[in-house]
Amino acid sequence: SGYVSRHDEL
Amino acid sequence: MNIFRLAGDMTHLASVLVLLLKIHTIKSCAGISLKTQELYALVFATRYLDLFTDYISLYNTLMKLIFLVSSFSIVWYIRHHKIVRRSYDKDQDTFRHYFLVLPCFLLALVINEKFTVKEIMWTFSLYLEAVAILPQLVLLQRTRNIDNLTGQYVFLLGAYRSLYILNWIYRYFTEPHYVHWITWISGLVQTLLYADFFYYYFQSWKNNVKLELPA
């Protein structure tokens, strides 16, 4: 899964 | 977005606002570790590299901007503001925080989810955030009387990551394939570092006495 979906938190 | 995560973000925001309130209104940073603030500025700078490249939501972008601007302005205040800087006790804030940066970076090179620059920088920011509070905790043990705002600041900062842990548990049970060991373990280590502070903070609140950490 892409970077964005894995890092959707702050 | 679940309630635990929202509560965590709001608690984190509150900790930053309490600190800015203290520094901006009473023009004092007594008891605050500049080193922890510098580490946090580095944490946000390396974690939010995707600020302008990936858009997740207005909330996400807004909060990233707030954390970036506030952390760097707090460092500026303590370092350069003519009144605030006088209340910074550099003789007490002696934790060699640069010794934390390199090991976290090396660990991020070795243990990460993907070997790309963005991912390694993000993982580095996660490990660094886990230990960023250490200079502040050491300073609190040296500072005899901890003022309320400083105590509240550290409490909120520790509480936000505890709420994130609840958020990860919630997401683990509600989202298939939601497994992020690196995030979970570093978040747990970070929260455990606050354990004794939480204990003494709760004791001072329960017995209604001044917060003091044993040397």
Side-chain angles (χ1 to χ4, degrees), chain A, chain B residues 1-2 4-6 8-13 16 43-44 46-51 53-57 59-68 71 112-114 116-123 125-126 129 160-161 163-165 167-168 170-171 175-184 187:
Chain A
S1 58
Y3 180 90
V4 175
S5 64
R6 280 187 292 114
H7 301 313
D8 62 345
E9 295 178 344
L10 293 172
Chain B
M1 169 72 85
N2 59 67
F4 302 112
R5 182 158 153 235
L6 183 62
D9 289 343
M10 291 305 108
T11 305
H12 191 188
L13 181 63
V16 162
V43 165
F44 294 133
T46 51
R47 184 173 303 176
Y48 300 152
L49 295 173
D50 64 341
L51 179 63
T53 56
D54 306 324
Y55 179 78
I56 293 171
S57 69
Y59 172 84
N60 192 275
T61 302
L62 206 60
M63 292 297 278
K64 284 177 177 175
L65 282 172
I66 291 172
F67 288 139
L68 275 168
S71 60
N112 52 62
E113 286 191 18
K114 237 164 90 179
T116 63
V117 171
K118 263 191 353 182
E119 189 69 33
I120 287 169
M121 294 308 274
W122 183 84
T123 312
S125 82
L126 215 60
E129 188 189 1
Y160 113 83
R161 214 59 178 167
L163 290 163
Y164 254 74
I165 290 174
N167 150 66
W168 293 324
Y170 177 87
R171 292 187 74 177
E175 296 172 32
H177 317 305
Y178 183 80
V179 177
H180 291 299
W181 287 110
I182 292 176
T183 311
W184 297 346

Chemist: So, do Lys118(B) and His7(A) sit near enough that their side-chain heavy atoms are less than 4.5 Å apart?
Modeler: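 No, too far: nothing below the 4.5 Å cut-off.
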Chemist: Once you round to the nearest 0.5 Å, how far does CG of Asp50(B) lie from OH of Tyr3(A)?
Modeler: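 So the CG of Asp50(B) and the OH of Tyr3(A) are separated by 4.5 Å.
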Chemist: In the structure I gave you, are the side-chain heavy atoms of Trp168(B) and Glu9(A) within less than 4.5 Å of one another anywhere?
Modeler: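 Side-chain contact under 4.5 Å: yes.
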Chemist: Find out whether Asn60(B) and Asp8(A) are in side-chain contact, i.e. whether some heavy atom of one side chain is under 4.5 Å from a heavy atom of the other.
Modeler: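 SC-SC contact between Asn60(B) and Asp8(A) ruled out.
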Chemist: For Leu68(B), enumerate each residue passing the side chain to side chain contact (heavy atoms under 4.5 Å, CB included) test, keeping only those at least two apart in sequence or located in another chain.
Modeler: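 Result, side chain to side chain contact (heavy atoms under 4.5 Å, CB included) vs Leu68(B): Phe44(B), Tyr48(B), Leu51(B), Phe72(B).
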Chemist: For each of Lys64(B), His12(B), Glu113(B), His177(B), tally heavy-atom pairs with chain A at distances under 4.5 Å, and name the one with the top tally.
Modeler: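 Option with the greatest count: Glu113(B).
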Chemist: Who passes side chain to side chain donor-acceptor pair (under 3.5 Å) against Ser125(B), sequence neighbours left out?
Modeler: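 Side chain to side chain donor-acceptor pair (under 3.5 Å) check on Ser125(B) returns Arg47(B).
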Chemist: Out of the candidates Leu13(B), Ile66(B), Ile56(B), Asp9(B), only one should pair with Leu10(A) under the side chain to side chain contact (heavy atoms under 4.5 Å, CB included) rule; please name it.
Modeler: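 Only one of Leu13(B), Ile66(B), Ile56(B), Asp9(B) forms a side chain to side chain contact (heavy atoms under 4.5 Å, CB included) with Leu10(A), namely Asp9(B).
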